[in-house]
Chemist: 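Supplied in structure tokens, the structure appears directly below.
Just so we're on the same page: letters track the sequence lines, and every chain starts at 1.
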Amino acid sequence: MIARVIVDVPSRQTDRPFDYRVDSDMAGWIEVGSRVAVPFGGRTLQGFVVGFAEEAEVEKGRLKAVAELLDPMPPLLPDLIELARWMSITYVCTWTTALQAMIPAALKGKAERYVYITEDRGEYADSRTADQDGYERGSGQGQLSLGALSLPIELEQFIRQQEPVKLSLLQERYPQWSGLLKSALREGLLTETVSVRNRVAVKKVLTVFPPDDREAAEAAVADMPARAAKQREALAYMLEQEEPVPLQQLLAGAGLSASSVRALADKGLLRIEETQQDRDPYAGRAFVRTEPLPLTELQSAAFGQIAAAVRSEQQGTMLLQGVTGSGKTEVYLQAIEQCIMQGRQAIVLVPEIALTPQMVERFKGRFGDLVAVLHSRLSTGERYDEWRKIREKRVKVAIGARSAIFAPFERIGLIIIDEEHETSYKQEESPKYHARDVAVRRAEQHGAVVVLGSATPSLESYAAAVLAPGSRHSSGGEGVHAAYGGQRPDYSTQAVETGMLQRAVLLPLPERVGGRPMPGVEIVDMRAELQGGNRSMFSRKLHQGLADRLERGEQSVLLLNRRGYSTFVMCRSCGYTAGCPHCEISLTFHQKSRALRCHYCGHTERSPETCPSCGSEHIRFFGTGTQRVEEELAKLFPGIRVIRMDVDTTTEKGSHEKLLSRFGKRQADVLLGTQMVAKGLDFPYVTLVGVIAADTSLHLPDFRAAEKTFQLLTQVAGRAGRHELPGEVIIQTYTPEHYSVLTSQRHDYESFVREELKQRRILSYPPYCRLILVTLSHEQLPQLVSVSEKFAEELRVLAAEAGVLVSLDSREADAMEVLGPVASPIPRLKDRYRFQCMIKYRGAVDAAALVKQAARPHMEGSAAGKVLIGIDVDPQVIL
DNA sequence: AGCACGCCGACT
DNA sequence: GTCGGCGTGCTC
């Protein structure tokens with residue numbers, strides 16, 4: 001039996017399976033998806049079995065054997081192995097990088113090298129002038145030696161005491177002897193073994209089992225001598241128990257010490273065993289059981305379509321477009337119930353920030369113990385335990401952030417992606433996947449249904465539902481299509497690209513449950529404020545609004561998408577601005593620490609009192625950050641209680657929840673923060689939402705800037721007036737005429753999309769093409785420029801050879817353009833200059849493969865001095 | 001990623 | 001005439 005193994009070395013040259021012999025003792029256990037330890041180029045590495053080969057297919061004689069099977073149950077399944085392969089091609093990464101993204105950190109074992117002193121040194125024993133046991137004891141020195149080689153006595157004793165001892169530990173402790181250790185291993189004085197250990201073992205606890213022999217136990221309770229009162233108490237308690245009780249719980253609950261319980265165990269009256277235990281982060285929390293709620297007509301229609309699609313066991317995608325408060329979650333819950341009833345499992349993806357206890361409660365309340373929750377705030381061990389519940393089929397529903405898409409279920413029927421437009425579904429590190437793409441691909445494998453839920457769908461998803469060739473519109477879609485006069489607009493001159501997702505069914509939920517109106521939104525033109533003599537960051541309107549809320553004891557939410565105190569520091573005498581020495585970006589002033597900080601690389605320096613360039617004292621701070629708003633609020637409204645929520649105040653574990661819970665208990669008047677205040681909050685006393693500057697996200701160098709602004713404004717506006725008290729929203733802006741501001745004021749998604757699609761079409765951006773952004777970086781600018789140009793030229797040559805280097809304006813079905821190279825929006829980051837090429841393409845063009853091929857000559861070989869190319873495949877457009 | 005093999009400078 | 005620099009190439 002021969003296993004094909006992907007070894008855990010993320011490099012281009014090892015990105016293929018290597019073949020290993022499987023010895024008969026493991027043969028019955030090893031499967032596709034098994035995690036193994038294999039010898040590889042002189043060391044032992046972890047790897048995954050991706051398949052098996054026939055004897056005839058491989059070069060015989062040169063095969064090594066699999067060293068160790070690392071888990072009794074394979075952590076991955078064949079479909080995930082295949083999915084990782086697909087990811088490696090789509091996102092231009094190695095197979096192992098994709099595989100590593102799928103397993104919990106607890107299983108990312110590293111091979112550890114252990115050494116011990118060789119007992120049988122065979123032939124050497126004869127060739128030396130040594131005593132019988134193979135040791136040469138020099139004049140009382142007691143040195144272990146072999147020929148010219150000898151180990152210092154201290155080292156030898158240390159090894160003897162601990163053996164086998166980790167090589168890394170020895171090297172750390174005795175760095176001066178690392179060369180000697182190497183020689184000792186080579187010469188056979190020391191022997192090495194390798195073993196892969198998991199980062200976290202299954203947690204074991206001592207558990208006390210109720211008496212097996214009840215009669216004997218009852219008799220013992222009765223006969224127990226008076227001085228053994230504690231034992232009697234413990235035994236009587238255990239007689240009442242049906243289930244085993246953790247020892248610690250028994251001791252704490254009954255005020256006993258372990259000795260009394262041990263004594264009972266010794267008498268054979270109780271049984272104490274080590275059992276596996278899950279670290280349940282929700283232990284001890286009671287979840288109120290909930291029943292399905294009655295659905296509105298629209299909810300019911302959406303649910304019906306989803307349920308039918310799940311039943312069909314055909315892959316399908318649905319876009320559930322519902323405004324905040326329209327009851328999407330109840331539709332999800334009932335669809336999941338349907339899915340479970342068919343013996344299939346469901347995955348629910350939620351943005352990390354929305355994965356609050358309340359959110360979890362809704363699912364646990366409906367499905368109880370059938371739910372596993374995966375999120376980044378869990379410890380490695382907790383996460384592993386939740387993951388094992390899925391793998392061991394103890395749960396039917398997995399709810400979690402991005403990476404929960406890899407939940408190792410065997411029969412998935414439904415994948416729900418809530419707030420599908422959220423950018424947190426895109427992973428910024430390699431593998432740079434988008435959970436939505438991966439979901440569609442997994443659904444294809446399982447014949448499952450993907451439900452994308454959002455009040456403001458991404459243009460890509462919306463295009464797949466409404467504009468894609470062959471897309472069907474659901475019956476309730478009047479409101480949605482009114483913008484087109486009931487007709488699909490004619491965009492036939494340019495193909496809409498929806499990539500993998502050929503079409504999606506649109507399920508609109510345009511009404512709030514209970515018919516509560518959307519809050520009124522007022523736009524304030526800050527230019528007019530300035531002309532009217534108001535130089536404050538608060539318009540008169542917002543100032544008055546805040547004052548009213550304070551007076552009435554209601555709460556306000558303020559959004560400013562910029563943390564810190566001020567965005568840049570400039571000398572008014574000479575024009576000097578403080579920039580990061582490692583990045584081409586201005587430094588942000590932080591008031592509390594009186595420091596200048598780079599928000600990209602974290603560089604921090606003390607804020608200058610005088611200009612470092614000309615010595616002038618006219619150093620001034622410009623631009624407004626959350627810290628400055630906080631200060632200004634305190635000045636304007638003495639005694640006001642403000643909670644500031646941004647990256648600077650939420651780094652600590654659980655701080656995010658803590659701040660929100662304080663606000664929920666009305667211990668503050670204002671919640672001030674960056675975009676994290678816009679998501680999913682629901683507080684009854686919030687009646688005012690203010691956006692301090694809507695423009696901050698509008699002028700970013702990002703083709704999605706308008707879309708992001710619209711989504712942010714719409715979302716934050718939804719935070720007001722969710723309960724009895726009516727809400728008010730005030731948006732301050734310097735560009736009140738911009739369509740993303742105007743349409744969000746009217747909660748008018750369709751008009752926004754229509755305008756935005758026009759722009760995207762003119763400029764050839766998704767969904768009218770697909771994009772890959774390649775970023776190249778190097779410490780030396782001239783080298784970077786030269787390699788970037790070579791890369792772009794090579795890519796154009798390859799595209800021309802493939803016959804696809806055609807303008808996107810053409811009517812060709814397959815087209816590809818290479819733009820650049822140009823300097824990146826952040827031209828220097830962490831001491832590396834950055835250039836980028838944007839690749840736009842459509843149709844059946846395998847742009848990822850061409851990029852990979854063009855990049856190859858610049859990525860291989862030793863890294864020193866070469867331009868390292870970071871390849872960023874922007875996948876949101878692949879969908 | 002490691003680690004070995006392999007050709008050119010400053011040392012016993 | 002040898003130790004050692006890191007450039008290229010391989011790892012089942």
Chemist: Just the rounded figure in Å: distance from C1' of B:dA1 to CG of A:Asp15.
Modeler: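 One finds 13 Å between C1' of B:dA1 and CG of A:Asp15, rounded.
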
Chemist: Which is true for A:Tyr20 with a 4.0 Å heavy-atom rule: it touches a base, it touches only sugar-phosphate, or it touches nothing?
Modeler: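 The answer is sugar-phosphate, as A:Tyr20 gets under 4.0 Å only of primed atoms, P, OP1 or OP2.
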
Chemist: Using OP1 and OP2 only, check whether a side-chain N or O of A:Arg62 sits under 4.0 Å from C:dT11.
Modeler: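 For C:dT11, OP1 or OP2 has a side-chain N or O of A:Arg62 closer than 4.0 Å.
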
Chemist: Collect all protein-nucleotide pairs involving nucleotides 2-6 of chain B in which both atoms are nitrogen or oxygen and the distance is under 3.5 Å.
Modeler:
{"residue": "B:dG2", "atom": "OP1", "partner": "A:Arg43", "partner atom": "NH1", "Å": "2.6"}

Chemist: Donor-acceptor pairs under 3.5 angstrom involving side-chain atoms of residues 820-828 of chain A: please list them, not counting sequence neighbours.
Modeler:
{"residue": "A:Arg828", "atom": "NH1", "partner": "A:Pro581", "partner atom": "O", "Å": "3.4"}
{"residue": "A:Arg828", "atom": "NH2", "partner": "A:Pro581", "partner atom": "O", "Å": "2.7"}

Chemist: Residues two or more places apart in sequence or in another chain: which of them pass ring pair (Phe, Tyr, Trp, His ring centres under 6.0 Å) with A:Tyr425?
Modeler: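 For A:Tyr425 there are no ring pair (Phe, Tyr, Trp, His ring centres under 6.0 Å) partners, ignoring immediate neighbours.
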
Chemist: Output the rounded distance in Å from CG (A:Asp8) to C1' (B:dA1).
Modeler: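 Atom-to-atom, A:Asp8 to B:dA1, this comes out as 10 Å.
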
Chemist: Scan A:Pro39 against the nucleic acid and name what it touches under 4.0 Å (heavy atoms): base, sugar-phosphate only, or nothing.
Modeler: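 If one applies the 4.0 Å heavy-atom cut-off, A:Pro39 turns out to touch the sugar-phosphate alone, with no base involved.
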
Chemist: Give the rounded distance in Å between these two atoms: CZ of A:Phe40 and P of C:dC10.
Modeler: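 Value for this atom pair: 12 Å.
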
Chemist: Salt bridge check: are A:Glu410 and A:Lys393 linked by an N-O gap of less than 4.0 Å?
Modeler: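 A:Lys393 and A:Glu410: salt-bridged.
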
Chemist: Send over the distance from A:Gln100 CD to B:dA1 P, rounded to a whole Å.
Modeler: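 My rounded result for the distance is 14 Å.
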
Chemist: Does A:Phe18 have A:Arg16 sitting over its ring (NZ/CZ under 6.0 Å from centre, angle to axis within 45°)?
Modeler: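 Yes, A:Arg16 sits over the ring of A:Phe18.
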
Chemist: Measure CZ/A:Arg16 against P/C:dC10 and give the value in whole Å, please.
Modeler: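 About 10 Å, once rounded to whole Å.
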
Chemist: Can A:Arg383 and A:Glu386 be counted as an ion pair, charged N to O under 4.0 angstrom?
Modeler: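 So A:Arg383 does not pair with A:Glu386 through a salt bridge.
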
Chemist: Run the numbers on A:Arg85 and A:Thr90 for side-chain hydrogen bond (donor to acceptor under 3.5 Å, both in side chains), then give the verdict.
Modeler: CA-CA 9 Å; A:Arg85 178 78 189 125; A:Thr90 310; over 6 Å; no

Chemist: Ring of A:Phe18 versus six-membered ring of C:dT11: centres under 5.5 Å and planes under 30°?
Modeler: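 No; by the centre-distance and plane-angle rule, A:Phe18 does not count as stacking on C:dT11.
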
Chemist: I need the CD-C1' distance between A:Glu54 and C:dC12, as an integer number of Å.
Modeler: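 In whole Å, C:dC12 C1' lies 17 Å from A:Glu54 CD.
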
